[in-house]
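Just so you know, these numbers use all the heavy atoms, side chains as well, and skip hydrogens, waters and symmetry mates. Lettering of chains follows the sequences in order, A, B, ..., and the numbering in each one begins at 1.
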Amino acid sequence: MRRPWLAAVAPYAWLLVFFALPFALVAKLSLSHTVLAMPPYAPQLDLSKGHAGILAFVHQLSFATYARLTSDRLYVLAYLSSLRFAAIATAILFLIGYPIAYGMSRFAPESRHGLLMAVILPFWTSFLIRIYAWIAILKPAGLLNQALAVLHLGPLSLLNTDAAVIIGLVYAYLPFMVLPLYAALERQDERLIEAAQDLGCTPVQAFWRVTFPLSWPGVAAGGLLCFIPMVGEFVIPDLLGGSDTLMLGRTIWTEFFADRDWPAASAVAIVLLATLAVPIALFQRQQAPLLERPGVLS
Amino acid sequence: MDARSDRPVSLAAPLVRFESVTKRFGDVVAVDGVSLDIAEGEFFALLGPSGCGKTTLMRLLAGFAVPDEGRILLNGEDIAGLPPHRRPSSMMFQTYALFPHLNVEKNIGFGLKQQGWEKARAAERVEEMLSLVRLQGLNRRKPGELSGGQAQRVALARALAPGPKILLLDEPLAALDRKLREETQLELKAIQRRLGVTFMIVTHDQDEAMVVADRIAVMKDGQIAQVGPPREVYERPASRYVAEFLGEANLFPDGSGWRLVRPEKMTLSATPVAGATAGEVAQIAYFGDRTRYVVRAGAGRPLLVSRANLGPPLPLAVGDSAWVSYAPDAAVALGS
């Protein structure tokens with residue numbers, strides 16, 4: 001039997017169960033306060049008292065935790081520092097990823113599959129193991145310093161610094177920058193470049209006047225795909241960063257597991273989500289007509 | 001008599017000269033020792049089936065490909081070392097290749113900006129081009145919002161705007177439907193006459209070549225089979241290949257070669273005529289202005305007769321006996 005309504009409802013059901021409900025739980029947590037109990041927050045919704053129970057529950061919710069976030073410098077600094085890390089890493093990712101994607105798109109179609117595989121290949125190894133590998137590379141007596149010693153350079157003490165976090169972020173997120181850029185560049189009609197050259201552009205001018213503007217949806221997609229998860233990244237700063245590396249992912253972890261302050265952790269997560277929703281919404285509105293254009297990204 | 005005879009082509013100092021140009025792609029010889037002159041101000045057509053090398057020949061002139069042998073001269077100077085952006089030719093692409101991120105105005109002004117035209121003058125030139133192709137007011141449309149015919153006009157305007165010495169048109173009308181294509185052919189020709197710019201068109205459509213061109217080069221397997229004005233190429237083809245590629249042909253063995261009689265030069269009769277070939281009508285196709293008969297006579301190829309529908313129709317139906325004849329001077333002797 002065919003059930004066309006199932007296809008229409010399924011994505012919404014999925015979003016409800018795996019996004020809306022968890023989000024509502026986190027939002028509710030962020031309006032609670034901590035108690036020394038299990039679970040370590042209050043109020044709890046007591047449905048056995050009926051209507052009065054719900055009223056009492058709602059009355060006890062408050063925005064106090066959010067007020068604390070703005071007054072405590074540590075949260076503000078962690079927030080700004082996270083944005084800074086993500087912004088720097090996104091910029092570097094773009095500078096490295098664009099030439100890679102552009103180079104790949106210039107290869108003959110039959111060799112592109114191999115190159116694409118090479119970009120995706122690191123995913124075959126566990127993410128955690130790959131980040132641990134960077135510890136082996138960056139540590140004081142690690143591979144990097146051994147190599148530098150051969151060249152009579154160094155040593156560099158990179159591990160547990162902000163630089164190591166940036167290296168880790170750029171390494172881990174490179175495929176997410178390269179793939180959307182490649183998709184945008186690979187679909188470009190070569191005739192457009194010929195037309196630009198025919199109308200007086202050198203190959204470099206043709207790139208800046210035609211190829212680059214047309215790859216803009218890919219730039220935006222790659223940038224957001226990297227920037228957004230990097231702001232909340234936890235594993236990389238935790239393993240590669242120093243004790244003074246401030247990032248929101250770490251702050252949330254500390255609040256949850258070390259301080260058992262679930263409301264604070266939830267409030268930080270909500271603020272993070274809210275601020276990231278703004279660029280996503282802007283991107284969607286601006287790019288929607290561009291993305292619908294045939295032959296660019298579809 | 002011929003409308004074109006008042007515009008004799010002067011090849012004393014050709015604008016473009018191909019000198020024994022050869023281009024290979026791997027083992028395939030795309031262009032095979034082509035020598036060809038194109039005069040200033042003429043509308044020149046490269047005609048041939050797909051794969052005959054006509055597009056490659058055009059791309060060699062535009063600079064998108066480099067000849068393996070031979071030279072290409074523009075105003076007597078070898079352009080071998082010139083990259084595409086420094087050649088004074090403009091190309092109109094078969095797919096139009098309009099820049100999707102730029103509106104109509106910016107597409108047309110693309111080459112002007114590249115040449116460093118002053119803004120006000122460039123804007124004036126864009127308006128001039130828009131009115132030339134009758135698209136005034138569409139300045140701000142994006143290519144995605146244009147119909148096929150409009151996109152085709154923008155492509156033409158964009159290629160003409162920088163004032164090229166020669167405009168190269170690669171199957172420019174192939175994507176249009178038939179009626180629009182026929183109108184646009186005449187319009188292209190009118191624009192070319194008005195501007196006096198040399199046009200070189202690549203097409204596989206013989207009607208299109210004959211309508212627009214002052215001269216046609218028929219190509220086969222990377223070589224030029226014949227060059228000449230449409231009437232000459234049609235009425236006095238140099239070979240059986242040219243005779244059959246341009247229009248329909250009745251071919252009769254003639255010594256080592258062939259005799260050609262075009263279907264419209266054949267006379268058909270429903271009653272016996274002295275000296276005519278008797279046969280049986282195998283097919284009748286009515287085209288409005290003319291009727292085309294296929295007459296089977298003996299074991300050879302069926303004869304084709306095209307008859308203008310000037311008076312009453314012939315009392316003939318499929319299966320009837322008919323008599324086909326032609327005047328002696330209607331026959332053209334072809335080489336082998």
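Residues of residues 21-32 of chain B having a heavy atom under 4.5 Å from any heavy atom of chain A: none. Contact annotation for residues 112-128 of chain B against chain A (heavy-atom separation below 4.5 Å, listed by residue number): B/Lys113, B/Gln114.
By the 6.0 Å contact criterion, CZ on A/Arg130 is enclosed, its count of non-hydrogen atoms from other residues, nucleotides or ligands being greater than 12.
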Would you please test A/Phe207 and A/Tyr102 for ring-ring contact (aromatic ring centres under 6.0 Å, His included) and show each step? CA-CA 10 Å; A/Phe207 173 83; A/Tyr102 183 77; 5.3 Å; yes
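Only the side chain of B/Pro162 comes within less than 4.5 Å of a heavy atom in chain A; its backbone stays farther off. Only the side chain of B/Phe93 comes within contact range of chain A, with heavy atoms under 4.5 Å apart. Contacts between B/Leu98 and chain A at a heavy-atom distance below 4.5 Å involve the backbone alone (N, CA, C, O). Residue contact with chain B, scored on non-hydrogen atoms closer than 4.5 Å, involves the backbone and the side chain of A/Ala196 alike. In this structure, the portions of B/Ser90 lying under 4.5 Å from any heavy atom of chain A include both its backbone and its side chain.
Ionic pairing of B/Lys189 and B/Asp214 is present here: one or more N-O contacts between side-chain nitrogen and carboxylate oxygen are shorter than 4.0 angstrom. The pair B/Lys142-B/Glu145 does not meet the salt-bridge criterion, since no charged nitrogen lies less than 4.0 angstrom from a carboxylate oxygen.
At distances below 3.5 Å, not a single donor-acceptor pair connects side-chain atoms of A/Glu190 with backbone N or O atoms of A/Leu192. A donor-acceptor pair is defined here as one N or O able to donate and one able to accept, closer than 3.5 Å; no such pair exists between the side chain of B/Glu77 and the backbone of B/Leu74.
No side-chain heavy atom of B/Val16 sits under 4.5 Å from any side-chain heavy atom of B/Leu73. A 4.5 Å side-chain heavy-atom check between B/Met92 and B/Leu168 finds every atom pair outside the cut-off. With a 4.5 Å cut-off on side-chain heavy atoms, A/Leu115 and A/Ile100 do not count as touching.
For the set B/Tyr96, B/Phe99, B/Phe110, the entry with the most heavy-atom pairs within less than 4.5 Å of chain A is B/Phe110.
Sorted by first and then second residue, the salt bridge (Lys or Arg N to Asp or Glu O under 4.0 Å) pairs involving residues 150-168 of chain B (not counting sequence neighbours) are B/Arg153-B/Glu187.
In the model, B/Thr198 has no side-chain atom that pairs as donor or acceptor with a side-chain atom of B/Glu40 under 3.5 Å.
In this view, B/Phe44 satisfies the ring-ring contact (aromatic ring centres under 6.0 Å, His included) rule with no residue, not counting sequence neighbours.
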